[in-house]
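This one's a predicted model, so the numbers in the text were calculated from it and none came from an experiment.
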Amino acid sequence: DVTAVYMAQDSGALVHTAGIQFPASQVANGGANVLDDYEEGSFTPSYTLATAGDSSFTEDREYGRYTKIGRQVFFQIYIRTDGYSNSSGSGNLQVSGLPFASDSTAYIFRPITVAASDFASNNNPISATLANNVQYILLYKRADANDSDVLLDENSPVTGTNKNELYLSGSYNIS
C-alpha cells in the first residue's frame, strides 16, 4: 500500500488522476487552503409570505438544485403555481426552502439572477436578494420608472394554471 506520495520540490510535478473524491461526510481540516467539503443535492423551494396567515400556494413545479463547495453554495430554482389563495396572509413574498442558512455577515452582496412571468399586473419579479442568516429569498419589482425596486407582497401572485413562474440562480456563503 502507498501511504505517501511526494511531488517535485520545484513545483513542477504533474499529477494524473481520475478525479478527486470527497468522503460522504466532511472531514474537517484546519488548513485555510484545504478544500475538504463538496456536496451536490436537491431541495424543494416554495412560495411563502412573511406572515403566512391562511395563504396557500398550489405549486405544480418546484425544483431546487445546489452545489456546496466549502462555504459557497450555488443554487438553481424553478417554481410555477396552479393556484393561490389568501385572505389573512401578508408581507413579503419569499422563496423558502434553501438547503443552508446564509452567513450572518450583514451588507454582503449575494448575486441572484431572476427570470419571471405571469404574476399580477406589473408585479413580475425583476431582482432578488438573500439577507443574512436566512433560508429564503426576497423578490423585488420596479415600482415605476423613477423609483427604486420594492418588495413583492401578498398581492403580487395570481391564481390560475401555470402562473407565478420563476427561475432563480445564484450563490451565497454559509457560516
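Smallest separation of non-hydrogen atoms from Phe43 and Gly97: CD1-O, 3.1 Å. Closest approach of Gly64 and Pro45 over heavy atoms only: N-CD, 3.7 Å. Residues Ser87 and Asp54 share a closest heavy-atom pair of OG-OD2, 2.5 Å. Annotation for Ala116 and Pro125: closest pair CB-CD, 3.5 Å, computed over non-hydrogen atoms.
A 4.5 Å side-chain heavy-atom check between Thr129 and Ile137 finds every atom pair outside the cut-off. Looking at heavy atoms from C-beta onward, Phe75 lies in side-chain contact with Tyr172 at the 4.5 angstrom threshold. The side-chain heavy atoms of Ser46 and Glu59, taken from C-beta on, include a pair separated by under 4.5 Å. Contact annotation: the side chain of Ser169 never approaches that of Ile112 to less than 4.5 Å [non-hydrogen atoms, C-beta and beyond]. Contact of the Gln135 side chain with the Ser96 side chain is not registered, since no non-hydrogen atoms from C-beta on lie closer than 4.5 Å.
The CZ atom of Arg61 sits 15.0 Å away from atom CG of Leu166, with the distance rounded to the nearest 0.5 Å. Expressed to the nearest 0.5 Å, how far OG1 of Thr161 lies from CG of Asp82 amounts to 5.0 Å. Going from atom NZ of Lys68 over to atom OG of Ser171 covers 14.0 Å, rounded to the nearest 0.5 Å. Atoms CG and CG, on Leu168 and Leu98 in that order, are 9.0 Å from each other to the nearest 0.5 Å. Distance check, rounded to the nearest 0.5 Å: OG of Ser127 to CG of Leu152 gives 9.0 Å. Here the CD-CZ distance, from Gln76 to Phe74, works out to 10.0 Å after rounding to the nearest 0.5 Å.
When each of Asn173, Val73, Asn133 is checked for a side-chain contact (heavy atoms from CB on, under 4.5 Å) with Asp103, only Asn173 meets the rule. Just one residue in the list Asn164, Asn123, Asn124 forms a side chain to side chain donor-acceptor pair (under 3.5 Å) with Ser156, and that residue is Asn123. Considering Asn92, Leu93, Leu49 as possible partners of Glu154, the one that fulfils the side-chain contact (heavy atoms from CB on, under 4.5 Å) test is Leu49. Considering Thr48, Leu139, Leu130 as possible partners of Val95, the one that fulfils the side-chain contact (heavy atoms from CB on, under 4.5 Å) test is Leu139. Between Tyr78 and the options Glu165, Glu62, Arg65, a side-chain contact (heavy atoms from CB on, under 4.5 Å) holds for only Glu165.
You'll find the ring centres of Tyr66 and Phe100 inside the 6.0 Å limit.
One hydrophobic cluster, built from ILVMFWY side chains closer than 4.5 Å, cannot hold both Val114 and Val158; they sit in different ones. With hydrophobic clusters built from ILVMFWY side chains whose heavy atoms lie under 4.5 angstrom apart, Phe57 does not share a cluster with Tyr167.
Atom CG of Asn122 sits in a sparse spot, with 12 or fewer heavy atoms from other residues, nucleotides or ligands closer than 6.0 Å.
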Requested in this report: Could you please spell out the steps behind the side chain to side chain donor-acceptor pair (under 3.5 Å) verdict for Thr105 and Asn132?
Outcome: CA-CA 6 Å; Thr105 307; Asn132 56 314; over 6 Å; no

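A donor-acceptor contact shorter than 3.5 Å links the side chain of Arg71 to the backbone of Ile174. With Tyr63 contributing its side chain and Ser42 its backbone, the two residues share no donor-acceptor pair below 3.5 Å. Of the possible polar contacts, none joining the Thr81 side chain to the Thr58 backbone as a donor-acceptor pair under 3.5 Å is found.
A perpendicular orientation is assigned to the rings of Tyr47 and Phe119, their planes being inclined by more than 60° (bins at 30° and 60°).
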